[in-house]
Protein chains: 2
Amino acid sequence: MSAHLAKVANVEHSHSAPGEILRSLGVQVTAQRVAVLDAVSAHPHATADQILESVRASIGAISRQSVYDTLGTLEQVGLVRRIQPTGSPARFENRVGDNHHHIICRNCGALSDVDCAVGEMPCLTASDSHGYTIDEAEVAYWGLCPTCQ
Amino acid sequence: MSAHLAKVANVEHSHSAPGEILRSLGVQVTAQRVAVLDAVSAHPHATADQILESVRASIGAISRQSVYDTLGTLEQVGLVRRIQPTGSPARFENRVGDNHHHIICRNCGALSDVDCAVGEMPCLTASDSHGYTIDEAEVAYWGLCPTCQ
DNA sequence: TACAATTTTTGACACAGTCCAAAATCAGGG
DNA sequence: CCCTGATTTTGGACTGTGTCAAAAATTGTA
Ligand SMILES: [Mn+2]
Ligand SMILES: [Mn+2]
Ligand SMILES: [Zn+2]
Ligand SMILES: [Zn+2]
């Protein structure tokens, strides 16, 4: 990928073909990138390793390095979001830009989406932002999943 | 530490001597534990490694393993809270039980406390808990600190 | 002080991820 | 179709964070 990326994904692209989306973001279209993007879409909250497996199943071969590179690229252009719960390797999803949150089981590590309770871009209002400019409020709910209670 | 700990810290203990606090929680008092507790108090949001350094400076020597064990013990009895921002090793603090949040600089990693905007134990109400029983809502605000803007 | 249980130390190890660098391959523009 | 730059592969070394297990030391208690 070029060192400097001008564009960032907006939600309009969501329904286009993967190749189109990538091209429109100034990202070169490769089989690996399309396959990784597909895998992330098909398996929300998958780990890099699971994506590696998934892509290998679909296009035959890809290097681990390339998976990491691609996930990084897709994250940079805003097509993929990385979440990293305590005690778990990073997980990736293509549901971006809607400020949704996650609920994680302390026992088995199960992870589910949670729509934001407050509304659109809600939590962005901290009580005292200490001079920071806030662009994201990441909420992790911790507890026990139904089967672990 | 015994396999099963009955007691959990309550805020009353905060002003007592470290040894007293530990004893009252049924935790054996050791130089290492007191020193780790002191270090966490003196350096909020420190990493395990920083705590290791700090404790070595104060009592001369401690093993890395013991720092991890102790932090785990202190967390179990509720004297210490562990937070783990994406891309950062775990950080520890002794400000517990007030459901406060954190704001993190994407550029330099600076981390500050943020009082909860909503009130006491607010975010525990997710929009849809999917059958989970929630006991904590961990909020990380992401942005740029004053000096990085 | 002596004993039993807990804690600490020690050293190896696991895991996720990064970094490297050269060679091979590929995508997109002309 | 050809070039050129971007991307991928390969294979390994390497880092940071954290864990495991057994031996040694310490704590609390009697
Ligand atoms: Mn999600
Ligand atoms: Mn804090
Ligand atoms: Zn569970
Ligand atoms: Zn900063």
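Side-chain atoms are counted along with the backbone in the values below, which use heavy atoms only and exclude waters and symmetry mates. Just so you know, these numbers come straight off a predicted model, no measurement behind them. We name chains A, B, ... by the order of the sequence lines, and we start the count at 1 in each one.
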Peer 1: Which part of the nucleic acid does B:Ala90 contact within heavy-atom distance under 4.0 Å: base, sugar-phosphate only, or nothing?
Peer 2: sugar-phosphate
Peer 1: Do the ring planes of B:His102 and B:His45 sit parallel (below 30°), tilted (30 to 60°) or perpendicular (above 60°)?
Peer 2: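 Ring orientation of B:His102 relative to B:His45: perpendicular.
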Peer 1: Can we say B:Arg64 and B:Asp49 salt-bridge, meaning some charged N sits less than 4.0 Å from an Asp/Glu carboxylate O?
Peer 2: no
Peer 1: Tell me the interatomic distance from A:Arg64, atom CZ, to C:dA16, atom P, rounded to whole angstroms.
Peer 2: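 Rounded to whole Å, this separation is 10 Å.
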Peer 1: How many whole angstroms separate atom CD of A:Gln65 from atom C1' of D:dG12?
Peer 2: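 From A:Gln65 CD to D:dG12 C1': 12 Å.
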Peer 1: Can you tell me if the side-chain N/O atoms of B:Thr30 get under 4.0 Å from OP1 or OP2 in D:dT26?
Peer 2: no
Peer 1: Within the pair A:Gln32 and C:dC26, is there a side-chain N or O less than 4.0 Å away from OP1 or OP2?
Peer 2: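 For C:dC26, OP1/OP2 do not have a side-chain N/O of A:Gln32 under 4.0 Å.
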Peer 1: Can you tell me the distance, in whole Å, between the OH atom of A:Tyr68 and the C1' atom of C:dC19?
Peer 2: 13 Å
Peer 1: Round to the nearest Å and state the distance from B:Leu22 atom CG to D:dT27 atom C1'.
Peer 2: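 Nearest whole value for this atom pair: 13 Å.
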Peer 1: Just the rounded figure in Å: distance from C1' of C:dA16 to CD1 of A:Ile51.
Peer 2: 14 Å
Peer 1: Between A:Arg81 and A:Glu138, is the closest basic N to carboxylate O distance under 4.0 Å?
Peer 2: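 Answer for the salt bridge query: no.
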Peer 1: Rounded to whole angstroms, how far apart are CD on B:Gln76 and P on C:dT6?
Peer 2: 14 Å
Peer 1: I'd like to know if A:Glu136 and B:Arg106 make a salt bridge, using a cut-off of under 4.0 Å between side-chain N and carboxylate O.
Peer 2: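 A salt bridge is present here (some side-chain N lies under 4.0 Å from a carboxylate O).
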Peer 1: So, do A:Leu22 and A:Leu79 sit near enough that their side-chain heavy atoms are less than 4.5 Å apart?
Peer 2: yes
Peer 1: Round to the nearest Å and state the distance from A:Asp69 atom CG to D:dT9 atom C1'.
Peer 2: 11 Å
Peer 1: Under 4.0 Å between any heavy atoms, over every strand shown, what does A:Ser63 touch: base, sugar-phosphate, or nothing? Just pick one.
Peer 2: base
Peer 1: Between D:dG16 atom P and B:Gln84 atom CD, what is the distance in whole Å?
Peer 2: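 Result: 17 Å.
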Peer 1: Want to settle it: does B:Asp49 or A:Ile59 sit nearer the 5' end of DNA chain D, counting the closest nucleotide to each?
Peer 2: A:Ile59
Peer 1: From D:dT8, D:dG18, D:dG11, pick the nucleotide closest to the side chain of A:Arg33?
Peer 2: D:dT8
Peer 1: On the nucleotide C:dG28, are OP1 or OP2 found under 4.0 Å from the side-chain N or O atoms that A:Arg23 carries?
Peer 2: yes
Peer 1: Should B:Gln28 be listed as having a side-chain N or O under 4.0 Å from OP1 or OP2 of D:dT29?
Peer 2: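 Checking B:Gln28 against D:dT29: no side-chain N or O falls below 4.0 Å of OP1 or OP2.
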